[in-house]
Asks: 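Let me give you the structure first, and then I'll get to my questions.
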Amino acid sequence: MDVAKIDAILKKYNGNPDFLIEILQDVQEEWRYLPVDLMRHLADELGVPLARVSHIATFYKAFSLEPRGVHEVQVCMGTACHVKGASRVLDAMSRELGIGEGQTTADKQYTLEAVRCVGACGVAPVVVIDDEYHGDLMPDASAKLISRHMKEGAR
Amino acid sequence: MTQINFTNLGSAAAAEKKRLAGYKAMLMVCTGTGCVSAKAFSLLDTLKEEVSKHDLDKDFLVVGTGCNGFCGQGPILVVQPQGVFYQRLKKTDMTRIVEEHLIGGKPVEDLMHRELSSNEPIHKMDDIPFFSKQKLIALRNKGLVDPENIDSYFARDGYAALKEALEKGSSKGVLAEVKTSALRGRGGGGFPAGVKWASCIAAVDKTGKEPVVVCNADEGDPGAFMDRSIIETDPHTVLEGMCLGAYAIGAKEGFIYIRKEYPLAVTRLEKAISQARDRGLLGDGIMGSDFSFDIIVHRGAGAFVCGESTALMASMEGRAGEPSPKYIHNVESGYKDRPTVLNNVETWANIPVIVEKGGKWFAAIGTGDVSKDPWGGSSGTKVFSLVGNINNTGLVEVPMGITMREIIFDVGGGIPDDREFKAVQTGGPSGGCLPASLLDEPVDFDTLTKAGSMMGSGGMIVMDDHTCMVDVAKYFMEFLKTESCGKCNPCREGTVTLYGILDRITRGEGVKGDIDDLERISRVMEAGSLCQLGATACNPVLSTLRYFREEYDAHINEKRCPGKVCKDLITFTINDECNGCMVCAKRCPTNAISGEKKAKHTIDQNECIKCGICNDVCKYDAVNVE
Ligand SMILES: Cc1cc2nc3c(=O)[nH]c(=O)nc-3n(C[C@H](O)[C@H](O)[C@H](O)COP(=O)(O)O)c2cc1C
Ligand code: SF4
Ligand code: SF4
Ligand code: SF4
Ligand code: FES
Ligand code: FES
């Protein structure tokens, strides 16, 4: 556990438990999951029950108790994307990556997620890979995109 | 940084106007999320390089703006003030625009939008039908300001409404204008903002507690991006609106609750807040007056229910966002038990214009008679995210009372690929699907509710005849069962049960009695759920049953999916149009397609997983879906 890093995050929010959700978001971003000993440490530092921290950790979708992959592949399953075939896009991604929705590849490189609207409905269907948006992405193109991403990553 | 006060706001605006007028033109590149997905940022850089390369920095200013609205045609560049509109741009087009248009004086016609029927290029943005029927209030600055530069908002007379209100020193005056405007909340419920503010003031008088104002930017409706766009495009209009609201109710603290999934919006919002603080437009003694107010941003972490007011308050206190019973209203006891005014982003964005132009002006737009009672109609405009199976996808702002047909066919340009209109979904997961027979109804709060849908926050998803309405109902129920917080039984169990029935129907395993069960369970959820998520969860089911009953019957009785969507009820085959180009065979993920080059191909039904890719990639209409 890297205490200095956690302290820096806590300091950013003045150790104010009102910002517990934001604090956990920063931890999730840094560690790619919420390690249990870290949650315990945060609970102590902020003076809140561990139960409240774990309630938040399991309530909100942004958090994960297991390490997520290096790359996050998010397939938008919002309504605009749905009517343009998003579930077929998700299937295609799932086939290419060899994992189901919510899972992480064995080499911990990719996590596949179905997310609700990412706010680019005008160019549906949309896939977001590590914060980069890809619009108008039909199933075939999405398969090509991710297989190219995997090859480039391997190099 | 010069601090802005009553005397120098006007000169700050004039100085910026003068600076901008010094340019021959401004090149406004859309850097909203839609266009960014089509590499708008690299376009912006290329354009800047091209302009510098030709030594034109003195003549032309390149600006990155928020969403222009016409996202489906992105990336977009508008040359202002002339209003020349370019679309679907590539990096190489930047050289052409600089050389042919800026230097040569001849706008590049083949990068312009084209008239749908005649295919003639349209030079001016305002002449494009997508834009010409719109009326902009909340989006008045879209594509015209640099969201990361507060001076650019001054140049559009930003903060003038706040200045006037503070100078007059009448908080009652602000409240009076908002009341007269009859502005109803744009976040879904349509509750009159003036009434809400007045009850908050009454609660403050009663309890003596410090009130707060909150902006709901959680934007839960999947398929809607109005709030995100307003913040990405014109963050200061939201801040100014909140300042005015805070002044009216006497709040010193404000909060914005925004989804963390909107990184660009969060960044621009935080930049705007810090610029406003630097210029004395947030903080102690705003513009030299005795009014002090500041805003803190809270980032949500991905839970639809957090858009609900009581859940949002819990989440802002750093807790799980579970709703609580609404015996006591937020206006009396909301954030940390203090009197709280919660309004949606778009509601706040309307406030500066209402204060500036007067409530009467606003109330004159829209439907019904709101002169005595804000519930008497729907005043003003509404921003919609017009998406799905429609030619012109994007963000539109139209006057209340416009018909669905005008929005979909005039502004939206109708349905692509010669398909037929089937339904339009409004109101998100709490709303419903409306059929063609209601296209001529006016769009306002009360008409939509009567029709079994609701206005909601402004998602408008158009569906063509290749959409399955049972699948749509199932889609929403899957969403709702995942998003139900699980606190109360009718919603927690009801959504799962409804989903199970709908799923069976789409798999061809529907039985007699299913429809009765759907209706019965819906009634229980409506009556017994703790919050509106559960109480309205049945709307997508009930509205599709009401208007598209025959599709349910086809699935249950004939095991047929009329929209040709439900995998278990369709098969893919190749017809005689096939010329053996082999494209589908290469792309089929299971190698189910075989055939010689230049000969008709066939699909092995045992291998086919019905992914639909062959149908997507075939250019010759040779794949049948039955
Ligand atoms: C499940 C649920 C989700 C909601 N999501 C949002 C939302 O994302 N944005 C929003 O402004 N209002 C949302 N609302 C409505 C808010 O509870 C509240 O009515 C609104 O923010 C008040 O602002 P307004 O009066 O300006 O519309 C939601 C309501 C429910 C029941
Ligand atoms: S209706 Fe649903 S979301 Fe609302 S409190 Fe009950 S379980 Fe939670
Ligand atoms: S893509 Fe179409 S035309 Fe080409 S082989 Fe397949 S079915 Fe035939
Ligand atoms: S639907 Fe998919 S699996 Fe079936 S033949 Fe076409 S491409 Fe292959
Ligand atoms: S529905 Fe996919 S981006 Fe909005
Ligand atoms: S994001 Fe560029 S037009 Fe909407």
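Proteins come first, then strands; the chains are lettered A, B, ... in the order of their sequence lines, and each starts at number 1. These numbers come from the heavy atoms of this one structure, side chains and all, not from hydrogens, waters or symmetry mates.
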Asks: Tell me, side chain or backbone of B:Cys468 under 4.5 Å from chain A's heavy atoms, or both, or neither?
Replies: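 When you check distances to chain A, no heavy atom of B:Cys468 falls under 4.5 Å.
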Asks: If you tally heavy-atom pairs under 4.5 Å against chain A, which of B:Glu219, B:Lys336, B:Met226 wins?
Replies: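 Top count of heavy-atom pairs under 4.5 Å with chain A: B:Lys336.
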Asks: Can you tell which part of A:Asp140 gets under 4.5 Å to a heavy atom of chain B, answering side chain, backbone, both or neither?
Replies: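 Interface part for A:Asp140: both.
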Asks: How long is the gap from NE2 on A:His134 to NZ on B:Lys39, to the nearest 0.5 Å?
Replies: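 So the gap between those two atoms works out to 5.5 Å.
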Asks: What verdict does the side chain to side chain donor-acceptor pair (under 3.5 Å) test give for B:Tyr475 and A:Thr79, after you've listed the backbone C-alpha separation in whole Å, the side-chain angles of each residue and the deciding distance to 0.1 Å?
Replies: CA-CA 8 Å; B:Tyr475 159 79; A:Thr79 320; 3.3 Å; yes
Asks: Give the interface residues of residues 118-126 of chain A toward chain B, defined by a heavy-atom separation under 4.5 Å.
Replies: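 If one takes a 4.5 Å heavy-atom cut-off, the residues of residues 118-126 of chain A near chain B are A:Val118, A:Gly119, A:Ala120, A:Cys121, A:Gly122, A:Val123.
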Asks: Out of A:Glu132, A:Arg95, A:Glu96, return the one with the most heavy atom pairs under 4.5 angstrom to chain B.
Replies: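 Max contact count across the listed options: A:Arg95.
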Asks: Mind listing the closest non-hydrogen atom pair of A:Phe59 and B:Gly321 along with its distance?
Replies: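 Closest approach of A:Phe59 to B:Gly321: CZ-O, 3.2 Å.
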Asks: Tell me, side chain or backbone of B:Asp471 under 4.5 Å from chain A's heavy atoms, or both, or neither?
Replies: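 Both parts, heavy atoms under 4.5 Å.
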Asks: If you count heavy-atom pairs under 4.5 Å between each of B:Gly34, B:Ala301, B:Gly302, B:Cys71 and chain A, which one has the most?
Replies: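 That would be B:Ala301.
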Asks: At a heavy-atom separation under 4.5 Å, does B:Tyr335 approach chain A through its side chain, its backbone, both, or neither?
Replies: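 It is the side chain, since no backbone atom gets that close.
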Asks: Shorter than 4.5 Å, heavy atoms on both sides: which option in B:Asp464, B:Ile461, B:Val305 has the most such pairs with chain A?
Replies: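 It is B:Ile461.
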Asks: Kindly indicate whether the side chain of A:Tyr133, heavy atoms from C-beta on, has any atom under 4.5 Å from the side chain of B:Thr33.
Replies: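 The answer is yes, as the side chains (C-beta and beyond) meet within the 4.5 Å cut-off.
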Asks: What are the two closest non-hydrogen atoms of A:Arg52 and B:Glu317, and how far apart are they?
Replies: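 Scanning both residues, the minimum pair turns out to be NH2-O, 3.2 Å.
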Asks: Please classify the contact between B:Ile296 and chain A as side chain, backbone, both or neither, with a heavy-atom cut-off of under 4.5 Å.
Replies: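 Contact with chain A: side chain only.
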Asks: What part of B:Val565 gets within 4.5 angstrom of chain A, counting heavy atoms only: side chain, backbone, both, or neither?
Replies: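 B:Val565 has no heavy atom closer than 4.5 Å to chain A.
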Asks: Once rounded to the nearest 0.5 Å, what's the spacing between atom CD1 of A:Ile21 and atom NZ of B:Lys260?
Replies: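 The distance works out to 12.5 Å.
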Asks: Considering only heavy atoms, which portion of A:Gln25 lies under 4.5 Å from any heavy atom of chain B: side chain, backbone, both, or neither?
Replies: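 A:Gln25 touches chain B through side-chain heavy atoms alone.
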Asks: Taking side chain as everything from C-beta outward and backbone as N, CA, C, O, which of these in B:Phe304 sits under 4.5 Å from a heavy atom of chain A? Side chain, backbone, both or neither.
Replies: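 Both parts, backbone and side chain.
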Asks: When rounded to the nearest 0.5 angstrom, what is the spacing between NZ in B:Lys474 and NE2 in A:His82?
Replies: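 Answer for the NZ-NE2 pair, B:Lys474 versus A:His82, is 8.0 Å.
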Asks: Evaluate the side chain to side chain donor-acceptor pair (under 3.5 Å) criterion for residues A:His55 and B:Glu322: first the C-alpha distance (whole Å), next the side-chain angles of each, then the deciding distance (0.1 Å), finally the verdict.
Replies: CA-CA 11 Å; A:His55 192 185; B:Glu322 285 170 2; 3.2 Å; yes
Asks: Could you report the tightest heavy-atom contact between A:Tyr60 and B:Arg319, atom names first, then the distance?
Replies: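 Scanning both residues, the minimum pair turns out to be OH-O, 2.8 Å.
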Asks: For A:His71, enumerate each residue passing the side-chain contact (heavy atoms from CB on, under 4.5 Å) test, keeping only those at least two apart in sequence or located in another chain.
Replies: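 Testing A:His71 for side-chain contact (heavy atoms from CB on, under 4.5 Å), a comparison that skips the adjacent residues, returns A:Gln109, A:Tyr110, A:Asp130, A:His149.
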Asks: A side-chain contact here means heavy atoms from C-beta on lying under 4.5 Å apart; do B:Arg259 and A:Arg116 qualify?
Replies: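 With C-beta onward as the side chain, the pair touches.
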Asks: What option among A:Val48, A:Val83, A:Leu20, A:Val128 has the most heavy-atom pairs under 4.5 Å with chain B?
Replies: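 Counting heavy-atom pairs under 4.5 Å, the top option is A:Val83.
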Asks: Under a 4.5 Å cutoff for heavy-atom pairs, which residue among A:Ile56, A:Val115, A:Asp136 has the most contacts with chain B?
Replies: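 Top option by heavy-atom pairs under 4.5 Å: A:Ile56.
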Asks: Can you confirm whether A:Glu29 is buried at CD, in the sense that more than 12 heavy atoms of other residues, nucleotides or ligands lie under 6.0 Å from that atom?
Replies: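 No, not enclosed.
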Asks: At under 4.5 Å between heavy atoms, what parts of residues 609-619 of chain B are in contact with chain A? List them by residue number.
Replies: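 Listed by number, the contacting residues are B:Ile609, B:Cys611, B:Gly612, B:Ile613, B:Asp616, B:Val617.
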Asks: Under a 4.5 Å heavy-atom cut-off, does chain B meet the side chain of A:Gln74, its backbone, both or neither?
Replies: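 Contact with chain B: none, neither part.
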Asks: With a 3.5 Å cut-off and sequence neighbours excluded, list the donor-acceptor pairs that the side chains of residues 1-8 of chain A form with protein atoms.
Replies:
unit_1 : atom_1 : unit_2  : atom_2 : d
A:Asp2 : OD1    : A:Ala4  : N      : 3.3
A:Asp2 : OD1    : A:Lys5  : N      : 3.4
A:Lys5 : NZ     : A:Glu30 : OE2    : 3.1

Asks: So what's closer than 4.5 Å to chain A heavy atoms on B:Ser315: side chain, backbone, both or neither?
Replies: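 When you check distances to chain A, atoms from both the backbone and side chain of B:Ser315 fall under 4.5 Å.
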Asks: To the nearest 0.5 Å, what is the distance between OG1 (B:Thr482) and CE (A:Met77)?
Replies: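 Answer rounded to 0.5 Å: 10.0 Å.
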Asks: Can you establish whether the number of heavy atoms outside A:Arg40 located under 6.0 Å from its atom CZ is more than 12?
Replies: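 Counting other residues, nucleotides and ligands, CZ of A:Arg40 stays at 12 neighbours or fewer.
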Asks: Under 4.5 Å from any heavy atom of chain A, what part of B:Ala224 do you find: side chain, backbone, both or neither?
Replies: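 Answer is backbone: N, CA, C or O of B:Ala224 sit under 4.5 Å from chain A.
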Asks: Can you tell me which residue among B:Met316, B:Arg299, B:His298 is in a side-chain contact (heavy atoms from CB on, under 4.5 Å) with A:Phe19?
Replies: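 Single side-chain contact (heavy atoms from CB on, under 4.5 Å) partner of A:Phe19 among B:Met316, B:Arg299, B:His298: B:His298.
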Asks: Checking B:Ala303 against chain A: side chain, backbone, both or neither under 4.5 Å from a heavy atom?
Replies: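 For B:Ala303, the contact with chain A is made by backbone and side chain together.
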